[in-house]
Amino acid sequence: MDYNFQAIEKKWQQEWDNSKAYEVKNNSDKEPYYVLDMFPYPSGAGLHVGHPLGYIASDIAARYKRLQGYNVLHPMGFDAYGLPAEQYAIQTGQHPEITTEKNIKRYVEQLRKIGFCYDWNRSVRTCDPSFYRWTQWAFEQMFNSYYDADKQQARPISELIARLEEEDANWQKMSEKEQQETLMQYRIAYLADTKVNWCPKLGTVLANDEVSEGLSVRGGYPVEQRVMRQWCLRVSAYAQRLLEGLDKIDWTDSLKDTQRNWIGRSEGAEMLFAIKGQDEPFTIFTTRADTLFGVTFMVLAPESEYVQRVISDEQRAEVEAYLDRCRHRTERERIADRQVTGVFTGSYAIHPITGKEIPIYVSDYVLAGYGTGAIMAVPAHDSRDYAFARHFNLPVIPLIEGADVSEQSFDAKEGKMINSDFLNGLEVKDAIAKMKAYITDKGIGRVKVNYRLRDAIFSRQRYWGEPFPVYYKDDMPYLIPEDCLPLRLPEVKEFKPTEDGQPPLGHAQKWAWDEKKKEVVDKSLIDNKNVFPIELCTMPGFAGSSAYYLRYMDNLNDKALVSREANNYWRQVNLYIGGTEHATGHLIYSRFWNKFLYDLGYVCEDEPFKKLINQGMIQGRSNFVYRYIGEGATGNLYISYNLIDTPPYKGHVQPIHVDVNIVKNDILDVVAFRQWMPDYKDAQFVYSDGTNDVDNPYIGTPTDKQYICGWAVEKMSKSMYNVVNPDDIVERYGADTLRMYEMFLGPLEMSKPWDTNGIDGVHRFLRKLWNMYESPSDGEPTRDELRSLHKLIKKITWDIEHYSFNTSIPAFMIAQSELAALKCTKRAVLEQVAVLLAPYAPHIAEEMWHQCGHTDFVIDASWPVCDESYLVEDTQKYPVQFNGKVRFTFECPKNTPKDEVEKMVLAHEDTAKYLAGSTVKKIIVVPGRIVNIVI
RNA sequence: GCGGCAUUGGCGGAAUUGGUAGACGCGCCAGACUUAGGAUCUGGUUCGCAAGAGUGUAGGUUCGAGUCCUAUAUGCCGCACCA
């Protein structure tokens, strides 16, 4: 009976569907376990073999937990809002919803073929009104909340209003608009004029994590700084809790470090410096309070609000020119060009202790967004200040004994203080503490913790996103009532920005809010009395992905994001698998979002994802042919890879990407190559043995000749012709082989290239294993058979518990060959092997289970338990010979020196008897375990 | 610059608590079967003729190190004018 994987897989996928085998209920006596994949953005290109890697791993974990008797929630959905569909819409006029719908359909088909145990009834998509109504709902909660610094949690804004009414005399006198403006400074979701990353090419703003080195992460377009009125989320209020929360969750150190880095906590001090001739002082932030006596100048960020206060009349023209120049530089230019620039403002600060006058400069090396946007410069001990001081010829005062600052600054935080009055002689660490105490005491500063984490900009000038449930009355935002949600995305005739520069929603005719009727009406009716304009921006990509894991728990609920019962049952994601690229985006935002909902009592866990694994990227493995471009080249002669470094070809070949799908084991299918593209129709080859078909024209497949291709690891992309489609692999080898081979490729967390070479080995294994299930026999398994089985149980259980899936496949292979050697056909053994295989290769395991006489599903069987007693080595059988060695089990205490063990071994009567007449060449000792003797 | 991860045969990679390094697969070699093979099956395969050597390099701890410690090199990833 052949291993007909196509029939087997089709059959079981249908059986599972028909019996609703993977439907999960929220009411179960079983322990819950929640396994989640990061849901994909359904791109037009479909899945390539890299995408399912994490899904396969999580599917194995989910099926294993299920076999262990847990009630497993393992859903899949789609992050359906996104730029590509919108860009496509702008180009073609095709509504993004149609494109997205089509892509999702394709994704689902591809995923189903791989045999994942998703409960598709629980699927969500972020662009579905029944989903985004809860994204809008969460936004409204944030708008209606503020962060209570004392309680360190979000509270309803009504509590703040109550407090203001009671405590603040001004509150009552304010107009409604003024009151709203005041509240805006506290809301978790707030409108503010902020400096944003503006990408002109995309026509939208981007969050910090969407920009890298001054370019947009999507598309790679230049990004510039611009001040705009934007919705923001007060993520920074949660900085400390986001930091502390990391200690409670089981993530890798590298990922936690990335987040710690991003949050960027630094302990320091704020200090007040008076300005000469003015009453109001200004504040700076420093982590080096100890260096106060080394301050020789002050620097303000160009965007700092202090700048206007300190410009003297003489310097005004020069400073304005500088500010103007800074404004027009993009972030990228500023980073690329690290020359020292700056300008003197004409004002002086007063040193709070010595009373000396210190010149105040403006320079773009100081960032407006960090600390107070102003610094005290200590050139001797900060390299940036040092560069500035040298450029402008400012004095440098060394503060640490023995530090040579003639060539460069001394940035290290160690050594004894000098030139520092009452700090002299102290170690830096102690000096910092003493200075902090001093300034606090004298009222010239205070201890302060700063975070690098900024508030998230939450507006996008785009069409294909969640609309804000917000309308504007007297320029102030008001919420569309909760019971009117969702606010549906309106139809527009065009998806690009309007001619007067409004976001695409500016095209929508029906986009105004009638406050009385509580409905969306035509915008021509706007009278700013009853009918008001609605927000034109939409929410960013991370909005929909920030709470989707909660929605899976209760996806059909139309009363709440998730019911209390459902949330109490599932609680949090036990295992989350996804790419590391979300470290500072999605994984920060969803932790923030979850903590916010936790504060308001909507969810019962403070952290959303208990255990997280980052699967590595699967890179492409490209193949090349080498076109001869030397003397007499015709342009259609291709040289086999093994010959390109030999004369006359050396240095005269040009590598050309060739479709990996017409190359097998690096051997080119030359017929397919000639048909691949018109250019290669008449291609001629020099084969690996040096023969060629110029002298000897050959049409058809040469059987004795091989054209060897070169290869390289590159990103998997269409242009490199190295994309491998999982559908093709499933078609050719089956889903079970694909699943096992993806795990076999290497450790889950490591990046590795996809290499179809080698998949035959895994496929062969499945076929060999399958052959053992021809006709299972009854009868008691032998001790050897049970030993093989229990070794396998132990290994596979350990592997899955440790997420080390790649070593499981070899374990199966070893067990298979051991059992084959024993000619084992015992049902009792085979059925257990089928259960062990079920998480990895569910279809074939199901068929095997049936072959063993079962009528139920193997996916509902129970996970076998290892009986260690079968693993104890049977001393009766030893000594045995293998590989020219003789093995004894030999008891001796650990920590016994080697030579003593050797003596004991040779003196032992069994050993002596066995070795009589042989010459001992070498003794390999593992104290307390095994002794190998080479004779 | 700061932080993290990695480095083992021709290749991908095993080695779980410090205990026989190179499991398993690919590739390669030999054989079997076959009209044929880029199919299938069986056996071999770290290097070296050998003694021996051997987990990027140099030290250290230990009876014993791929594994622990110190230094160093190379590569990958994250952050980066963050005061």
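Since we're looking at a predicted model, the values are computed, not measured. Naming convention: chains lettered A, B, ... in sequence-line order (proteins, then strands); numbering from 1 in each chain.
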Subject >> Test item: side-chain donor near acceptor, A/Asn4 and A/Asp2, under 3.5 Å >> reply: no
Original post:
Quick one: which of B/rC79, B/rC24, B/rA15 gets closest to the side chain of A/Thr807?
Top reply: B/rA15
Subject >> Dot-bracket encoding of pairs in RNA chain B, which uses [ ] for pseudoknotted crossings and | for another strand, Watson-Crick or G-U under 3.5 angstrom >> reply: (((((((..(((......[....)))((((((.......))))))((....))..(((((..]....))))))))))))....
**OP:** Please confirm whether A/Tyr707 and A/Tyr687 have ring centers closer than 6.0 angstrom.
**Re:** no
Original post:
Under 4.5 Å between any side-chain heavy atoms of A/Tyr361 and A/Leu394, yes or no?
Top reply: yes
Subject >> Qualifying residue, where the test is side chain to side chain contact (heavy atoms under 4.5 Å, CB included) with A/Ile809 and the options are A/Met743, A/Arg739, A/Glu742 >> reply: A/Met743
**OP:** On RNA chain B, check which nucleotide each of A/Ile759 and A/Tyr451 is closest to and give me the residue with the more 5' one.
**Re:** A/Ile759
**OP:** Taking atom C1' in both B/rC63 and B/rG78, compute the distance separating them and give it to the nearest angstrom.
**Re:** 43 Å
Original post:
Is any side-chain nitrogen or oxygen of A/Arg764 closer than 4.0 Å to OP1 or OP2 of B/rU40?
Top reply: yes
**OP:** Could you check how far CD of A/Glu749 sits from C1' of B/rG13, rounded to whole Å?
**Re:** 16 Å
Subject >> Distance, C1' atom - from B/rU17 to B/rG13, rounded to whole angstrom >> reply: 22 Å
Original post:
Whole Å only: how far is the CH2 atom of A/Trp754 from the C1' atom of B/rG12?
Top reply: 13 Å
Subject >> Closest to side chain of A/Asp257, choosing from B/rA83, B/rG3, B/rU40 >> reply: B/rG3
**OP:** Could you please name the option among B/rG25, B/rU16, B/rG78 that lies closest to any side-chain atom of A/Lys795?
**Re:** B/rU16
Subject >> Between P of B/rC79 and NE2 of A/His582, the distance in whole Å >> reply: 13 Å
Original post:
For atom C1', what is the distance between B/rG37 and B/rA21, given to the nearest Å?
Top reply: 37 Å
Original post:
Which of the following nucleotides, B/rC79, B/rG25, B/rA83, is nearest to the side chain of A/Thr286?
Top reply: B/rA83
Subject >> P gap between B/rG9 and B/rG4, integer Å >> reply: 27 Å
**OP:** Please state how far atom OH in A/Tyr361 lies from atom P in B/rC81, giving the value in whole angstrom units.
**Re:** 23 Å
**OP:** Pick base, sugar-phosphate or nothing for A/Arg260, based on heavy-atom distances below 4.0 Å to the nucleic acid.
**Re:** nothing
Original post:
Do A/Ser409 and A/His381 get their side chains close enough for a donor-acceptor pair, meaning under 3.5 Å?
Top reply: no
**OP:** Provide the distance between the two C1' atoms, one in B/rU46 and one in B/rC79, to the nearest whole Å.
**Re:** 41 Å
Original post:
Does any non-hydrogen side-chain atom of A/Leu766 lie less than 4.5 Å from one of A/Tyr3?
Top reply: yes
Original post:
Between A/Met813 and A/Ser804, which has a closest nucleotide on RNA chain B that is more 5'?
Top reply: A/Ser804
Subject >> Listed nucleotide nearest any side-chain atom of A/Arg767, set B/rC41, B/rG25, B/rC79 >> reply: B/rC41
Subject >> Whole angstrom value for the distance that separates P of B/rG13 from CD1 of A/Ile809 >> reply: 15 Å
Original post:
Strictly by modelled atom types, are A/Glu270 and A/Thr283 linked by a side-chain donor-acceptor pair under 3.5 Å?
Top reply: no
Subject >> Exercise: do A/Asp385 and A/Tyr365 side chains pair donor with acceptor under 3.5 Å >> reply: yes
**OP:** Rounded to whole angstrom, note down the C1' distance from B/rC76 over to B/rG27.
**Re:** 26 Å
**OP:** Measure the distance from NZ on A/Lys752 to P on B/rC26 and round it to the nearest whole Å.
**Re:** 19 Å
Original post:
Do the ring centers of A/Phe744 and A/Phe805 come within less than 6.0 Å of each other?
Top reply: no
Original post:
Does a nitrogen or oxygen in the side chain of A/Arg452 sit under 4.0 Å from OP1 or OP2 of B/rA80?
Top reply: yes
Subject >> Within-4.5 Å side-chain heavy-atom neighbours: A/Leu587 and A/Leu255 >> reply: yes
**OP:** Take the protein atom CZ of A/Phe285 and the nucleotide atom C1' of B/rC81, then report the distance between them rounded to whole Å.
**Re:** 16 Å
Original post:
CG of A/Leu587 versus C1' of B/rC79: gap in Å, rounded?
Top reply: 16 Å
Original post:
Which part of the nucleic acid, if any, lies within reach of A/Arg454 when heavy atoms closer than 4.0 Å are counted: base, sugar-phosphate only, or nothing?
Top reply: base
Original post:
Are A/Arg265 and A/Tyr451 close enough that a side-chain donor and a side-chain acceptor fall under 3.5 Å?
Top reply: yes
**OP:** For B/rU67 and B/rC81, measure between their C1' atoms and round to the nearest Å.
**Re:** 41 Å
**OP:** Tell me what A/Asp755 touches on the nucleic acid: a base, only sugar-phosphate, or nothing, going by heavy atoms under 4.0 Å.
**Re:** nothing
**OP:** Indicate, with a heavy-atom threshold strictly under 4.0 Å, whether A/Ser363 touches base, sugar-phosphate, or nothing.
**Re:** nothing
Original post:
A/Lys768 side chain: which of B/rA23, B/rC41, B/rC26 is closest?
Top reply: B/rC41
**OP:** For the side chain of A/Phe744, starting at C-beta, report the closest nucleotide among B/rA83, B/rG12, B/rG78.
**Re:** B/rG12
Subject >> Same-atom distance (P) from B/rA30 to B/rG75, integer angstrom >> reply: 40 Å
Original post:
Of all of residues 369-382 of chain A, which get a heavy atom below 4.0 angstrom from RNA chain B, listed by number?
Top reply: A/Tyr370, A/Ile375
**OP:** Could you tell me whether A/Asn806 contacts a base, only the sugar-phosphate backbone, or nothing, with contacts defined as non-hydrogen atoms closer than 4.0 Å?
**Re:** sugar-phosphate
Original post:
Is the A/Tyr741-A/Tyr733 ring centre distance short of 6.0 angstrom?
Top reply: no
Original post:
Where does B/rG38 land, syn or anti, once you apply the within-90°-of-0 test for syn?
Top reply: anti
**OP:** Counting heavy atoms from C-beta on, name the nucleotide in B/rC24, B/rC79, B/rG13 closest to the side chain of A/Trp262.
**Re:** B/rC79
Original post:
Is A/Arg764 close enough and on-axis enough to A/Trp770, meaning under 6.0 Å and within 45°, for cation-pi?
Top reply: no
**OP:** For A/Pro747, answer base if it contacts any base atom (sugar-phosphate contacts may also be present), sugar-phosphate if it contacts only those atoms, and nothing otherwise; contact means non-hydrogen atoms under 4.0 Å.
**Re:** sugar-phosphate
